[in-house]
Amino acid sequence: MRSDERDVDVPPLTEGIAPGTATDPAVGSDGPATVTVDGTAVSLESGATLLDAVEAVETDEHVAALCHYGREGIGPRSECRTCMVATDEHGVVPACSFPAEDGLTVRTGATDAAEARDVNLDLVLSDHNLRCTTCGKNGRCELQDAAIEAGVEEPRYGVFDDRDEYEPLDDTSPFIAIDRNKCILCNRCVEACNDVQVEGVLRMEGSGSDTRIGFQSDAETMADSTCVSCGHCATVCPTGALVEDGIVDATTIPLPGFTQANSVGETSERAGERSGPMTPKKRAEPTSGGDGKAGDAAGNASEDGSDADGAPDVNGTPGAGVWDDGGDWP
């Protein structure tokens, strides 16, 4: 960073992040608790939830908890309700966000709780692209695992294929592909982007059946967003909605001529190859006119690895990268 750029007033990274993504209230018990799950007593530390108790024992039924990540402060948000359990004291409750109160009795195999989990899982599946054979997450998909555990053969509410409402695949980023047809709106990616990485790129937008992953910058594609390609969103995604570009087809079953792209019908692809670890809006910008040797507007480095201002480029070397809003690259 040049000395004259150190004094630039840089706004907090969280300033533009939309509310509702970084302000989740704390969940869990106020103190240590002992909970009985399917007849087994479990001692839990302060801050525990019923899901912590369920995961500590071998339960009668599988409890999926698809919107719960369990690490890094991501979730739960009680979005999918695939973790419903029965308690003698409070009836059927979501295990992921219900505090572990001392003395509670939990039954995962209770009829009403099992039925609630099954219905909610079928609702999630009804909004999902079930073309698993051409999905890069095939075999390592949490939704697929939950459906297998629940013995789902045919979701009672149909599947996404029935409605002919596919969104184009967003393959504009050289690093992360988005398939909104597989998104279950669990919000994990949004929390990873905003709460953990503090990048403020992703958001949930729209309402009802039109709710989708969007960008806080109102960009139309991942390539045009302010994404820095850290990949955390893809890491926490429980389905194939966000996948690292290099493993998009990693677990696809080889069916000649049948790919995820042509099975959906439309893909937004990048116009050409780009270099650099970041999407354009966060690559370095020139501070003076280029002469063909210095870095250009897209942040491409010159032959000696420096940008237009002579500072090292942002591609893995210390330098004076410049935010598109004028702030300094940290």
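Values below: every heavy atom of this structure, side chains too, minus hydrogens, waters and symmetry copies. Along the sequence shown, the residues carry numbers beginning at 1.
The stretch residues 141-155 participates, sequence neighbours left out, in these side chain to side chain donor-acceptor pair (under 3.5 Å) pairs: Asn138-Gln144, Glu142-Arg188. Residue pairs meeting the side chain to side chain donor-acceptor pair (under 3.5 Å) criterion with at least one partner in residues 60-69, sequence neighbours excluded, are Tyr69-Arg71. For residues 81-104, the set of pairs meeting the salt bridge (charged side-chain N to carboxylate O under 4.0 Å, His left out) definition, not counting sequence neighbours, comprises Asp88-Arg107. Residue pairs meeting the salt bridge (charged side-chain N to carboxylate O under 4.0 Å, His left out) criterion with at least one member in residues 35-48, sequence neighbours excluded, do not occur.
A donor-acceptor pair is defined here as one N or O able to donate and one able to accept, closer than 3.5 Å; such a pair exists between the side chain of Asp52 and the backbone of Thr49. In this structure, the side chain of Arg117 does not engage the main chain of Thr82 through any donor-acceptor pair within 3.5 Å.
Each of Val27 and Ile74 belongs to its own hydrophobic cluster when Ile, Leu, Val, Met, Phe, Trp and Tyr are linked at side-chain heavy-atom distances under 4.5 angstrom. Hydrophobic clustering (ILVMFWY, side-chain heavy atoms < 4.5 Å, transitive): Val190 and Met222 are in one cluster.
Distance CG/Leu242 to SG/Cys183: 7.5 Å, rounded to 0.5 Å. To the nearest 0.5 angstrom, Ile178 atom CD1 is 8.5 Å from Thr221 atom OG1. Separating the CG atom in Asp179 from the CG atom in Asn129 is a distance of 5.5 Å, to the nearest 0.5 Å. Within the model, atoms CG of Leu121 and CG of Leu143 stand 6.5 Å from one another, a figure rounded to the nearest 0.5 Å. The OG atom of Ser173 sits 10.5 Å away from the CG atom of Asp224 when rounded to the nearest 0.5 Å. Rounded to the nearest 0.5 Å, atoms CG (Asp122) and CG (Asp127) are 12.0 Å apart.
The shortest side-chain heavy-atom distance between Thr34 and Leu44 does not fall under the 4.5 Å cut-off. Counting heavy atoms from C-beta outward, Cys80 and Cys67 have side chains that approach closer than 4.5 Å. Residues Asn181 and Leu169 are in side-chain contact: their nearest non-hydrogen atoms beyond the backbone lie under 4.5 Å apart. Between Ser225 and Val201, the closest side-chain pair of non-hydrogen atoms falls below 4.5 Å. Using a 4.5 Å heavy-atom cutoff, the side chains of Thr211 and Glu205 are not in contact. Contact annotation: the side chain of Glu79 never approaches that of Leu185 to less than 4.5 Å [non-hydrogen atoms, C-beta and beyond]. A heavy-atom distance below 4.5 Å is found between the side chains of Pro238 and Cys186. Put simply, the side chain of Leu51 reaches to within 4.5 Å of the side chain of Val63, judged on heavy atoms.
Counting non-hydrogen atoms of other residues, nucleotides and ligands closer than 6.0 Å to CG of Asp112 gives a total above 12.
When all heavy atoms of Ile176 and Cys233 are compared, the pair lying nearest together is CD1-SG, 3.8 Å. Closest approach of Ser46 to Asp30, counting heavy atoms only: OG-O, 3.2 Å. When all heavy atoms of Ala223 and Thr172 are compared, the closest pair comes out as N-OG1, 3.1 Å. Scanning all heavy atoms of the two residues, the minimum distance from Ala64 to Ala146 falls at CB-CB, 3.8 Å. Contact record, Lys137 with Ala234: NZ-O, 4.0 Å, taken as the closest heavy-atom pair. Residues Ala100 and Leu50 share a closest heavy-atom pair of CA-CD2, 3.9 Å.
Listed by chain and number, the residues in a side-chain hydrogen bond (donor to acceptor under 3.5 Å, both in side chains) with Thr239 amount to none (sequence neighbours excluded). Taking the side-chain hydrogen bond (donor to acceptor under 3.5 Å, both in side chains) definition, one finds that Ser29 meets it with nothing, sequence neighbours left out. The side-chain hydrogen bond (donor to acceptor under 3.5 Å, both in side chains) test applied to Glu220 returns no partner, not counting sequence neighbours. Under the side-chain hydrogen bond (donor to acceptor under 3.5 Å, both in side chains) criterion, Asp210 pairs with no residue at all, not counting sequence neighbours. For Asp118, there are no salt bridge (charged side-chain N to carboxylate O under 4.0 Å, His left out) partners, not counting sequence neighbours. Taking Val57 as the reference, Val37, Thr40, Val42, Thr59 meet the side-chain contact (heavy atoms from CB on, under 4.5 Å) condition, with sequence neighbours excluded. In this structure, the salt bridge (charged side-chain N to carboxylate O under 4.0 Å, His left out) partners of Glu115, at least two apart in sequence or on a different chain, are Arg156.
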Next item on the list: Let me see the working for Leu104 and Phe98 under side chain to side chain contact (heavy atoms under 4.5 Å, CB included), right down to the final yes or no.
Entry: CA-CA 11 Å; Leu104 277 185; Phe98 202 90; 4.0 Å; yes
Margin query: Determine whether Asp170 and Arg180 satisfy the following criterion, side chain to side chain contact (heavy atoms under 4.5 Å, CB included), listing intermediate values before the conclusion.
Written below: CA-CA 8 Å; Asp170 183 348; Arg180 293 181 173 86; 4.3 Å; yes
Check: Taking it one step at a time, do Val54 and Val35 satisfy side chain to side chain contact (heavy atoms under 4.5 Å, CB included)?
Finding: CA-CA 9 Å; Val54 169; Val35 175; over 6 Å; no
Check: Would Val236 and Val196 count as a side chain to side chain contact (heavy atoms under 4.5 Å, CB included) if you check the C-alpha gap in whole Å, the side-chain angles of each, and the deciding distance to 0.1 Å?
Finding: CA-CA 11 Å; Val236 303; Val196 181; over 6 Å; no
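Judged by distance alone, the side chains of Ser217 and Thr226 never bring a donor and an acceptor atom under 3.5 Å apart.
Other residues sharing the hydrophobic cluster of Met84, ordered by chain and number and joined by side-chain separations under 4.5 Å: Val92.
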